[in-house]
> 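Right, I'll just put the structure down here and ask away after.
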Amino acid sequence: MTSSPSDRIERDDAFDKIEACGNDFVLLAHEPDPKSVAELCDRHHGIGADGIMVLRSVRPELTDLGHLDPDGSHSFCLNGTRAALALLARRGRIAPAGRVRTEGQEFAYRLDPDPILFLPVRDYRPLNWRGGDHLVSGYRVEVGNPQFVILEGMDPNRFRELAPRIRADLAAFPQGTNVTFLRRAEAGWHVQTFERGVETFTKACGTGMYAAALVLFGERGTRRVTFFPEGRGTVEAWLEGDGLAITGSTRHVFSGTWPATEVVAGESQVGEARCG
Ligand SMILES: N[C@@H](CCC[C@H](N)C(=O)O)C(=O)O
């Protein structure tokens with residue numbers, strides 16, 4: 001649970017690549033230079049990720065994590081938090097239960113063995129978004145970042161067309177918004193999110209599913225839901241006590257150093273990676 005010099009992410013140039021249902025992150029042990037964030041996230045010229053997770057400190061009573069979107073803004077991220085905690089657990093760095101703080105939010109977790117996060121139940125309100133001839137009925141939810149959740153009743157192609165416009169409508173959403181669409185699946189809900197800060201559809205969005213679960217619990221009267229995001233794996237959310245619990249698939253993809261420390265055939269490399 002205390003820092004170990006042998007841990008990969010303790011090196012200044014070391015990173016881990018982690019993902020949760022295809023929402024992927026570069027995990028660093030230090031705050032990145034703001035100028036390097038976009039490049040780190042770039043899928044052609046960098047490591048490639050939907051965001052950066054920063055391991056600020058690991059103490060027995062509290063794990064402190066940061067998150068940056070590719071545009072350099074700090075925002076609250078649940079998939080990155082789950083994936084980072086899963087890797088720290090695998091390395092024996094965190095207790096089986098504890099608290100995590102990230103970007104202004106603080107809540108409890110438990111390892112079972114995957115991290116389960118315990119979050120507050122938050123209010124949502126219906127909102128009709130209008131753009132030109134389009135009217136979209138959804139729900140506005142503030143979960144630590146802004147969310148607009150559309151519960152069925154929309155053609156998926158129309159969602160893909162309108163989500164970027166909804167995200168960019170600062171008159172309706174002064175901080176911008178993440179836009180999530182829910183469609184029935186056989187054993188749960190298909191979920192797709194256009195993410196603020198990434199400015200595209202990601203394979204999954206944890207805070208989008210948190211907001212979606214709040215809407216489903218309120219509107220459909222259920223207490224438990226399974227989400228099937230675009231990426232591989234599933235996410236489960238349920239009501240527990242007076243809060244909401246959420247857990248799901250995560251993976252450590254690889255470790256590496258960035259920028260590369262080695263020179264091969266006289267040319268410096270962008271990065272060096274190893275799996276495991
Ligand atoms: N991928 C995240 C959400 C990250 C924050 C979002 N892009 C925003 O700017 O609000 C998640 O899994 O929660």
Side-chain angles (χ1 to χ4, degrees), residues 17-27 32 34 37-38 40-41 43 48-54 65-87 100-107 109 114-120 122 124 139-149 163-164 166-170 172-182 191-215 227-237 244-251 253:
K17 172 81 183 270
I18 54 178
E19 58 107 350
C21 298
N23 198 193
D24 57 347
F25 306 90
V26 173
L27 175 63
V37 172
L40 278 161
C41 293
R43 296 190 185 279
D50 293 329
I52 308 280
M53 292 301 298
V54 181
L65 299 167
H67 170 259
L68 294 99
D69 282 310
D71 68 1
S73 54
H74 286 265
S75 62
F76 176 46
C77 174
L78 279 179
N79 275 340
T81 300
R82 280 199 305 107
L85 288 178
L87 181 59
V100 57
R101 179 165 63 207
T102 173
E103 302 297 350
Q105 311 295 313
E106 191 183 315
F107 45 88
Y109 74 84
D114 296 323
I116 304 174
L117 310 181
F118 297 95
L119 301 160
R122 295 180 186 270
Y124 62 84
Y139 299 89
R140 167 91 179 82
V141 199
E142 177 56 57
V143 292
N145 65 31
Q147 301 282 339
F148 183 63
V149 178
I166 298 172
R167 181 271 174 259
D169 184 348
L170 299 183
F173 303 98
Q175 313 299 319
T177 189
N178 298 285
V179 188
T180 290
F181 177 45
L182 288 167
V191 60
Q192 199 178 9
T193 299
F194 187 93
E195 263 194 55
R196 182 183 75 156
V198 191
E199 305 310 341
T200 190
F201 298 92
T202 53
K203 296 282 184 194
C205 174
T207 44
M209 288 183 269
Y210 175 19
L214 291 166
V215 170
F227 290 112
F228 298 90
E230 295 286 296
R232 287 203 300 262
T234 56
V235 167
E236 295 271 325
L244 180 149
I246 192 162
T247 193
S249 319
T250 65
R251 198 164 63 102
V253 189

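Counting starts at 1 for both ligands and their atoms, following the listed order.
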> Is E19 paired with K17 through a side-chain N to carboxylate O contact shorter than 4.0 Å?
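No, this pair does not count.
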> Restricting to side-chain hydrogen bond (donor to acceptor under 3.5 Å, both in side chains), what partner residues turn up for T207, sequence neighbours left out?
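Testing T207 for side-chain hydrogen bond (donor to acceptor under 3.5 Å, both in side chains), a comparison that skips the adjacent residues, returns N145, Q147.
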> Minimum heavy-atom separation for A237 and F227, please, with both atom names.
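Closest approach of A237 to F227, heavy atoms only: CB-CE1, 4.4 Å.
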> Can you give each donor-acceptor pair under 3.5 Å made by side-chain atoms of residues 174-182, sequence neighbours left out, with the distance rounded to 0.1 Å?
residue	atom	partner	partner atom	Å
T177	OG1	P146	O	3.4
T177	OG1	F148	N	3.3
N178	OD1	R196	N	2.9
N178	ND2	P146	O	3.0
T180	OG1	T193	OG1	2.7

> Without hydrogens or angle criteria, can the side chains of E103 and H74 be said to hold a donor-acceptor pair below 3.5 Å?
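Note: E103 and H74 side chains meet the donor-acceptor criterion.
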> Suppose the criterion is salt bridge (Lys or Arg N to Asp or Glu O under 4.0 Å): which pairs have a residue in residues 69-84, not counting sequence neighbours?
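Counting only pairs at least two positions apart or across chains, no salt bridge (Lys or Arg N to Asp or Glu O under 4.0 Å) contact touches residues 69-84.
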> In order of chain and number, which residues sit within 4.0 Å of ligand 1 by heavy atom?
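Lining ligand 1 at under 4.0 Å, by heavy atoms, one finds N23, H67, D69, S75, F76, C77, L78, N79, N145, N178, E195, R196, C205, G206, T207.
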